[in-house]
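Keep in mind it's a predicted model, so treat the numbers as computed, not measured.
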Amino acid sequence: MRGAPFSAENPLRAMYLFVGPVSDIAWSFSHNQARVAVERQFQGLVKTHILESIPENDSDGALTSLLISLADEGFDLIVGASFGYGFAMSRVAELYPTQYFLHISGNHVGPPNYSNAFGRIFEARFLAGIVAGAQTRSNKIGMLASLPIPEVYRGVNAFERGMQLSNPDATLYVHWTNTWFDPDLEAYASEQMLVDVEVDVLTHFMDSFAVQRVAHNMDDKWSVGYHSDMGIYVGNSVLTSALWNWTPLYVHYISAILNGSWVADNYWGSISDGIVDVGTFSPSVDEAVVASVMAQRAQLINGEVEVFCGATTLQWMYAESANPERCLTDAELLNMSNLSATIVDLGDISIPLEEILLPKGLTITAQVLASVVILLAVVCIVLLFVFRDNPVIRCASPIFCVAMCIGSIVMLISVYFLSHTPNSATCILFPWFVSIGFTLFYGNLLAKSARVYWLFRSMKHFRAIQVRARHFMPVVGVFLLIDIIMLVLFTSIDVPSAQTTLWTEDSDLSPYTYRWECTYRGASSVMVFIIIGYKAFLLLLGMV
C-alpha cells in the first residue's frame, strides 16, 4: 500500500463519513468519540477528519464522486460509518488499491484494501430487552425501527427475546420510520406510541435521543437508549442503553495499517470483544433485574448462551438445515429478513403534514373582483361593437380598445390559477396568460397612443396625414411574437412544475406543514427574468 512509513511528520490521514451530525448523542456521536480516542491513543501518528450528514443515496453518483475526491486528496483511510455507503465504497476501493477503505455495517464484498466491520449489537439489545420486560406495567412495549434490513430485524427480534425472558406476557409493538435520522419524526412517532398505543416502555433504532426526551417528559413512561449511555444525558427515565464502543475496532484496523498487517475481512465483534455492551441502569430498575441481566451478560461473554437458539428460531433458519435444537448460524443472522411472529407490526409511520392554503376569504374576494372586471371588459367589447359607427367611438380606435379589453380578460383569468393549489399545468399556464394578457393590453395601448401622437403631430404642422389603426397593428404583432417565442423557450427548455415546500426549507412555515409552489429551475428561471425585463422595456417605451 503506501510506501513511506508513518510518523508524526508524516501521519496516517483518515477521513470519517457520518450519516448524521456528531451532536446526535447516538450513532455518529459514538463513532466520533472513538475517532477522538484513536487520535489520542496514537499520539500524532494519526490525523483524522470528519464529514457530517452525508446522504447514503448514491443514485445520482454524488457519494461516489465524494469518495473519489477524498481518495484524490490523498487520505490513507476512508471510513464510511453507515450501511448505505458500502456499495459505493467497494467500487471506489478498486480504483485506489494503495489506500484503505473501512465500511461500518453490512457485509459487502470488496478488494483487498476494503473491509467491513460491525458488532453484534443484538446481544446488547437482548440484555436491554430483559430490563424493558421487567419494567413494563401495561405489558406493552414499543420499538421505533428504522429500515427493513437484517441489522434492524436482528436487533428488534433480539430485544423481544429479552423481553419474553423476563416477562412472557409482554408484547412488542413496532413502527417503521424508514430513516436513520429524523428527530421530528422520531418525536412524533414516540408520542403516537406512548399515547395512542399506550406502551409504557419505548426504544428505537434511529440516531437521535428524541425518543428518550419524549418519554422523559411523560409520567410513568420509560425508554431504553441506543448507541450511547443516554441516561447520562436525559435522566433516570432511561432504564438502560444498548451501547457501541468503536474504539477497539478502530484501533485494530489503524494498527494494522501502521504496521503493514492489514488483511481484508468482515469483522463482526461481540460483547466479549467489548465493541457492544449494556449501559448503566436507572435507579428505577430493580436490583434483582440488574443481577439477572449481568448474569446473562456473563454467559454471553463466556459463550455459554446465544441469543437466537431453540425452536422459536425456526422461522429464520434455512429450510434444508432446520433443527430446533441448534442456534442460528452467522449466515442466517446476516440474512434475517422478518420479524418474529409474536411481534405486532404497526407498519410505517410518517408525520401527517398539513397543507397551507390561501385564506378562503381572500381567494373568493379575488375571484369576485376578477369576475366583475372581466364582465365589465365584456360589456365594453359589446358596446364598442354596437356603437362602432359612432364618430366618437371611431375616433377612439375601437380595434385597439377591443384588443385591450381582451388583454385584460386574459390577464385576469390568471387570478383563478392563483386561487387553487398549483399543479404542473397551472404553473405553465399562469405565466402565459399574464404575459400574453399584458402584451395585448399594453402593446395596444402603446399603438393607440402612438397613433394619437402622429395625428396631433400632423395637425401641428398643418399636414393632412392619414394615420389609420391598421398601420400600427404589425407593431402589436411583433410585440406578441417576441412574447410567444420567449414563452415557448420558457416552457420547453426546463418545464416548470409544482412541488411541495416543507417548513425545513422555508422559515415562514411551521413544523408538519407544507405548501405547493410553482418551481422554475435552470433555463426557465432565467427566462422568467428575461420576460419580466421585456415587460419593463415596454413600460419604458411608453414613457418615451
Side-chain angles (χ1 to χ4, degrees), residues 370 373-385 388 393-419 422-458 465-498 518-544:
V373 177
I374 289 173
L375 181 61
L376 290 174
V378 171
V379 171
C380 287
I381 292 173
V382 172
L383 292 175
L384 286 167
F385 179 77
R388 62 186 179 278
I393 298 298
R394 292 178 62 185
C395 290
S397 304
I399 190 170
F400 290 136
C401 294
V402 169
M404 289 167 60
C405 289
I406 293 173
S408 301
I409 293 171
V410 172
M411 274 196 297
L412 289 166
I413 289 174
S414 65
V415 171
Y416 298 97
F417 298 148
L418 291 175
S419 302
N423 55 48
S424 296
T426 57
C427 288
I428 294 172
L429 291 174
F430 176 75
W432 273 81
F433 274 74
V434 172
S435 187
I436 294 295
F438 179 89
T439 302
L440 272 174
F441 179 86
Y442 198 73
N444 281 281
L445 180 61
L446 279 177
K448 187 175 184 298
S449 300
R451 179 172 180 266
V452 172
Y453 169 78
W454 282 104
L455 284 171
F456 276 99
R457 185 178 180 184
S458 66
I465 300 177
Q466 282 192 338
V467 184
R468 298 187 181 277
R470 66 173 180 269
H471 295 154
F472 291 88
M473 293 306 295
V475 176
V476 178
V478 170
F479 290 158
L480 281 172
L481 180 62
I482 294 172
D483 223 6
I484 291 170
I485 291 173
M486 290 190 295
L487 287 167
V488 169
L489 292 173
F490 159 78
T491 304
S492 58
I493 297 176
D494 279 308
V495 181
S497 61
C518 291
T519 302
Y520 305 108
R521 292 195 176 95
S524 66
S525 64
V526 175
M527 288 306 303
V528 167
F529 287 104
I530 293 175
I531 292 170
I532 292 173
Y534 175 58
K535 304 307 173 189
F537 167 75
L538 292 181
L539 288 171
L540 290 173
L541 189 63
M543 298 172 62
V544 176

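Once rounded to the nearest 0.5 Å, the distance linking CE of M486 with CD1 of I532 reads 11.0 Å. Separation of atoms CG (L539) and CG (L446) is listed at 8.5 Å; rounding is to 0.5 Å. Note that the OG atom of S435 and the CG atom of L480 stand 9.0 Å from one another [nearest 0.5 Å]. With values rounded to the nearest 0.5 angstrom, T491 atom OG1 is found 11.5 Å from I484 atom CD1. The distance from atom OG1 of T439 to atom NZ of K535, rounded to the nearest 0.5 Å, is 2.5 Å. Note that the CD1 atom of I428 and the CG atom of L487 stand 11.5 Å from one another [nearest 0.5 Å].
Using a 4.5 Å heavy-atom cutoff, the side chains of F479 and F438 are not in contact. Within the 4.5 Å cutoff, the side chain of I374 has heavy atoms near those of the Y416 side chain.
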**OP:** Any chance you could lay out the side-chain contact (heavy atoms from CB on, under 4.5 Å) test for M527 and V488, step after step, and finish with the verdict?
**Re:** CA-CA 10 Å; M527 288 306 303; V488 169; over 6 Å; no
**OP:** Kindly indicate, with the supporting measurements, whether the criterion side-chain contact (heavy atoms from CB on, under 4.5 Å) is fulfilled by F441 and I409.
**Re:** CA-CA 9 Å; F441 179 86; I409 293 171; over 6 Å; no
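Aromatic pair F490/Y520: centroids less than 6.0 angstrom apart.
Not counting sequence neighbours, D494 has no partner by the salt bridge (charged side-chain N to carboxylate O under 4.0 Å, His left out) test. For the disulfide (SG to SG under 2.5 Å) test, no residue two or more places apart in sequence or in another chain qualifies with C405.
A disulfide is assigned to C518 and C427, since their SG atoms are nearer than 2.5 Å.
Distance alone, capped at 3.5 Å, is enough to place a donor-acceptor pair between the S414 side chain and the M411 backbone.
Each of L412, V410, T426 was evaluated against F433; a single residue qualifies, V410, per the side chain to side chain contact (heavy atoms under 4.5 Å, CB included) test.
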